[in-house]
Amino acid sequence: MKKISILLFAIFILALQVSAQQIEKAVYGIFALTNASIETVTNGRLNDATVIIENGIIKDVGKDVKIPEGAQIIDCKNLTVYPGLIDGGTHLGLQEIGSISVTHDYDELGELTPEMDALTAINPNSVLIPVTRVSGVTSVIASPAGGLFPGTAALINLHGYTPEQMFAGFKAVVINYPSTGKWGRWDRRTDEEIQKAGEKAIRKLNDTWARVKTYADIDSATRGNADYNPELAALVPVLQGRMTAFVEANKKSDILAAIKWIKKNKIKAVLTGVAEGWRVADSIALSGIPVITGPVLSMPSRDSDRYDQAYKNAGIMQKAGVKVALRTNETENVRNLPFNAGFAATYGMGKEEALKAVTIIPAEIFGVADQLGSIEAGKKANLFVSDGDPFEPATQIKYLFIDGWKVPLESRQTLLYDEFLKRQPGVTTDQPPGKS
Amino acid sequence: MMRLSFFLFIVFTSIHAYSQVSKGDLIIRNGTVLTITKGTLTETDILVEGGKIKAIGKSLKAAAGVKEIDAKGLYVMPGIIDAHSHIAIDAINEDTHPITPEVKVGDAIDPFDIGVYRALAGGVTTSHAMHGSANAIGGQCQTIKHRYGEMDPTSFIFQEAPRTIKFALGENPIRIHGEGRGVQPRTRMGVERVIRDAFQQGLVYKDKWNKYEAGKKKNPNLPPPVYNERYQTMADILDGKIIIQCHSYRADEILMLLNVLKDFGVKKITFQHVNEGFKVAPELAAFGAMASVFSDWWAYKFEVYYSTAYNATILTRNGVITSINSDSGELIRHLFHEAAKTQRYGGLADDEALALITINPARQLGIDQKVGSIEVGKDADIAIFSGHPLSIYTIPQMTIVDGLIRFDLKNDPADMRIYVDPTEDTPTYYGQEEIDGCMRDTELMYSHRH
Amino acid sequence: MLRKLGMSLSCCFALFSISIGQPVLDDLPRVTSSIAIVNVKLVSAPGKTPQVSTVVIKDGVITQTGQNISIPDDAYRIDGDSLFAYPAFIDAFSRTGIKEQESSGGSGMQTHPGGRPQRPAVDAEGNPSLTDAGITPFISVRSSIDAKDKSIADWRAQGFAIAHVVPDGKMIPGKGALLVLTGKNVDELMWKEDVSLFSQWSGAGNSYPATMIGMMAKWRELYHNASNNVIHEAVYTNATLVSRPNYNQAHEALMPVVQKQMPVFFRAPAVKDISRAMTLQHDLGMRMVIADAQQAWHMANEFKSGSIPLILSLDLPDDKSESKKEKEEKEKPVSVPPPDSLKTIAGEKAVQDPEKEAFEKRRNESLREHRAQAANLAKEKIPFSFGTRSIKTTDFNKYILLMIDQGLSPDQALSALTTQPAKLLGIEKYAGTIETGKMGNIILSNKPIFEKEASIRFMIVEGDLYEYDIKEKKKKAPKTGDESLDVIAGTWSYAIETPDQKREGTFEFKIDGEEIAGKIKSNDITSGNEDLENIVFESDDLSFTFDFEINGQIVELEFNLTVKDESFDGTVTVGEMGTFSITGTRIMKPQQ
């Protein structure tokens, strides 16, 4: 066995020498991706076609496309171009290390903090961001959490040196619709305690909303001179339907209650989480409210549920007529978004719809479908090129473009691989190189 | 008159023996058989008798009436083995002392855990139910077979499996004992100290009993020393009777334990999680230590910040026997997918990737003579998939343990609970906020993960 | 339907002693030590058909049974014409007589400023004192028994004459004792101390052993060391030049267990608890009894040989859904119907929910399985006894009848309460049947004992006679509308006419749902207690009791009042001192 590994090492030394020890930076300019298969998402699949990227925009897509002068030509023979994947809910950029709370910037103190703006706290240099984007995820919702109104989430592109450079043009206020379920298995509250806590939170939600209404009335009566009240002010655009609310609800009864609440208050809302959406898929469809659900790779919410119920959830809702986007609800492993989509595809959604659920559908829900979510001329160049189906684990991503920048496929994890695959020196008893 | 003498009870004899394992006969026809150790065989039959694989080949003859499974167009692989899980046990952490080798999670098997069925539905037939990582030396673990449906907890025990024990380095024992209770270890230095101390006590204890046994021959009146299961277990580790399964992350602490084991002459060890194993892969290989890793978990705490999903590939390429484990009731349902990620992160070949969840974990648990590949004579623990198990589009169809079908997609009612709480109105809804395996039972102190 | 039936039975009987000359009264001497029950329908043992017989008891022992026997002249005669006689029950696993524990508010759990509960530091974590570890095999239950504890009279009133009582605690709480449920002090109650060791799966929480796995390991270690102790002590006794054995209180106390002189009664309600206890038994070889079992049917095979005796819990799960349904119906009118536009969304209530039906089916099946445990084990010819440790007195009848409803025969129930526990506890020579030479423990009931309307008229416990006046307690409150309870709410003044003087004070009644709470205030009352008990109000009749301390003796005052508008009149019975008239008026209504 040892002999074999020595042989393998020899092969890999060669590979190592190729990777040069220099910092690779993102490149801007004119690119022509030629001879490519193109998964446009909105206009079917093109074979042996070209994508032109210029000034950050997809300039042209098609078979007979003129390649501009000075374009860097990337031969994509046997490769496929996909629009960058969009994750509808993460804490990416807002948390660096799970157990170290001082690195958690998504969870502010207080129940009523809608004015907390996630974009402010995005760390563009988080080590987690390159680890994520090299798997083809180019945009994510970075979302605050905790409390009734945790704050305002933002859509960001996973490249840039400032939050402003990363911002992708959409924000939403997060509302945690009061839960009447156990948080997890460790939750030892009795049913009565949970019910009481839920009722109390719903009262608080409704009281808050009544105040927002009063505040909005006074604000308009005084022509914008209402008292300083940033919490209430942050909710006025939601009240008036000018801004989207992400309403988190997961348990069947909570989902139904949240739908009622949304309808009653006539706000523009997206249901998020929706773990038990499959139980009430028709009611959600009837309400017309879009859904961001996930993670797909999660446990059923009850012991009595089928083992694969969470895999099937997205597909059941989508088939019932709900507009469904996916999320990982992750931080360090947002890179698993394509695999979540793959499981949704396998368990009822189908490949095509699952791809839409991580590209054009979230773009539509966020009102940025003119910019993101498909390979179409005029859209932002958020895309990647792979040697196959990005949902398949064996597939390799070959090129990555975010906002028109050709981003190197490098992260700390790939750098560690390069360094440690064949360590030099190896074990201390190894001969130093060149001494044998 | 009232004070009468007493005659209590009838005869007592011991009757609760380990229960008999149920085994089955069947034949799987025309599948694409991924044997793992002997290549891939197309259109091949597998004959199972008495829970063992009797024959592998084309057009095999089976006795009349034997159940036939048509696997045409399906992929047949050995039952998946999870080298690190916490399903099917009611107690994970006896976190009241930094050194608790005397406790055994096998004493707390929960045959009703729905997690076992869910694991079966992901093709997993064997798992290693581990003590948690609260203590520097935790309890003894239990290798179990997923015989879901049996009521007797002892029927889950993988009887031929050797004993294993959990060690834990780094943040978890430091947090629980040093920070939480103000006793050593509070640092990685302290972790080494308490482990060395336990081994030393094991040596002393062993010596005491050896002297007693020898002395008793000369002097039958020699009284026995105080019995101590804690140090007896340490002595058993020193005697090579127990395989160490060590929760670890950082390269330095891995090297530390290797040095301790060298000093005490202990050879059998698998490092668990071992996120920085890739940094010391040559040392692990030289020692003969094995590694059981996550496919891609990282950054949930500081000691896993400098991790890479290429860990399994680097370890494999450096000659370390490596497995991919779940440590989670969620991941255990799709270990085939976790193994597939090594094809994205380092491009392992199909058989190499599948070995990470079959024969390699079997080696780490010392059960590779029984399970982990499809070979004549091995236990008929088999998983059948609709497509290649490393593809995202595959769906587990059937899982067989000892020749008995324990999961069958075609006969799979929604509610598979064995025990139903008679006082419960509707089954409880649980949110997804989880305290993961390793630190369960310690949530009163902390709710960290892994 | 089952539940209703249980309810009517659980309307327990108000127990009042009546002076008819012989029954035990605290402050009066016994007239004679001999009792004759004449021409009673006698069921002398389980399985026997009732035979008209006469039973004579002398000095606590049955001296004669049969027809045409001569009744001794000194006997107190009970006319048995309308009565059935059964051997009194033996409680195989009990906490009768143990003082109720003060509420464990200070369980040691503290809350972190952040809200997360935190374990306090332990002095010797991992090596706690035996008491902190919950390992106290050296404690005898005797120390926690109170001869005056209400539970003794309560269980006696349910038909029990003998109880095997084990102490409260954690993993190994201590040693059990056999009590005869009559007597003024602990010695009189006590038949035999230290007859068993009690163990259960209850971790020390804060220190080692905290979990199931810790407890299993600890049990093994204790057992091995106790075994070594036995060897060491024998050597120390018989040889010279041997060092003195280390003294460890727990090892010392466990020596009778490893020598198989003392059985371990293992409390194991759930199937996993049973299996784990059996694993210990298998590994260590001690004599074991599985006690308080609620799911033993899963392990039926293990009990077939009878080598591990089985005590079933009398506890049964309650059907929560029924009580919830009632509650929902009550609350229904309060909920506001949804606006029309939303009706379709919430409208699925109208549609049958097959998922919910499936859940209900499974839950009902589980309920039935629990209730049928005794019947199914009996069908498999597995011997078992019953123990009351985990139930309230008031649930005893209800649960027995639910079990009988599931197929347990009254004879099987009777044997699980008489001959089986007698055999289990090694007292079949003395108790369990009504035969000459056995202890005079007899139930006299108005009907066959497990019939729905049966009630106990007399209990004889070792020759002590207790009589019960049957007064069916009415359900506390009417079903609909609680206005009628408001009739008594508020503060009332009262005056009692006693021969020497007029005694005055006030009652205060508070209504909370269907519960009535009451207090008494008077200058006559010097003891701390003010709470009225057993308050029952039906139509105009109000009755309640109050324990009153006079010169260190507890005297029960029994009030029976008739309320008319804002006043009442009636009687108060003061222990054995007599009955006096009482009047009163409402002086304050509760504030709305």
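Residue numbering restarts at 1 for every chain, and letters A, B, ... go by the order of the sequence lines.
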Discussion item. Once you measure the plane-to-plane angle for C/W191 and C/Y430, does it fall in the parallel (<30°), tilted (30-60°) or perpendicular (>60°) bin?
Written reply: perpendicular

Discussion item. With a 4.0 Å cut-off on N to O distance, would you call C/K218 and C/E221 a salt bridge?
Written reply: yes

Worksheet item: Where on C/L367 is there a heavy atom nearer than 4.5 Å to chain B: the side chain, the backbone, both, or neither?
Response: both

Worksheet item: Among B/A108, B/P111, B/G182, B/P153, who wins on heavy-atom pairs under 4.5 Å with chain C?
Response: B/A108

Worksheet item: What residues, two or more places apart in sequence or in another chain, satisfy side chain to side chain contact (heavy atoms under 4.5 Å, CB included) together with C/K356?
Response: B/T426, C/D353, C/E360

Discussion item. Between B/D236 and B/Q232, do the side chains contain a donor N or O and an acceptor N or O under 3.5 Å apart?
Written reply: yes

Worksheet, complete the sentence: When the 4.5 angstrom heavy-atom criterion is applied to B/I99 and chain C, the contacting part is neither

Worksheet entry | Close approach to chain C in residues 208-221 of chain B, criterion heavy atom under 4.5 Å | B/W209, B/N221

Worksheet item: Parallel, tilted or perpendicular for B/Y205 and B/Y227, by the 30°/60° rule?
Response: perpendicular

Please list every donor-acceptor pair under 3.5 Å in which a side-chain atom of residues 234-247 of chain C meets a protein atom from a residue at least two apart or in another chain.
unit_1	atom_1	unit_2	atom_2	d
C/T237	OG1	C/E233	O	2.5
C/N238	ND2	C/A234	O	3.0

Fill in: Test item: C/R362 side-chain N/O and B/D421 main-chain N/O as donor-acceptor pair under 3.5 Å
no

Show which side-chain atoms of residues 134-145 of chain B pair as donor or acceptor with protein atoms under 3.5 Å away, not counting sequence neighbours.
unit_1	atom_1	unit_2	atom_2	d
B/N135	OD1	B/H177	NE2	2.8
B/N135	ND2	B/E94	O	2.7
B/N135	ND2	B/H97	O	3.1
B/N135	ND2	B/T100	OG1	2.9
B/Q140	OE1	B/R163	NE	3.2
B/Q140	OE1	B/R163	NH2	3.2
B/Q140	NE2	B/P101	O	3.0
B/K145	NZ	B/D379	OD2	2.7
B/K145	NZ	B/D381	OD1	3.2
B/K145	NZ	B/D381	OD2	2.8
B/K145	NZ	B/D402	OD1	2.8

Response to the item:
Most contact-rich option vs chain C, by heavy-atom pairs under 4.5 angstrom, among B/I109, B/L222, B/N228, is B/I109

Worksheet item: Given the options C/R368, C/Q295, C/H251, which has more heavy-atom pairs under 4.5 Å with chain B than any of the others?
Response: C/Q295

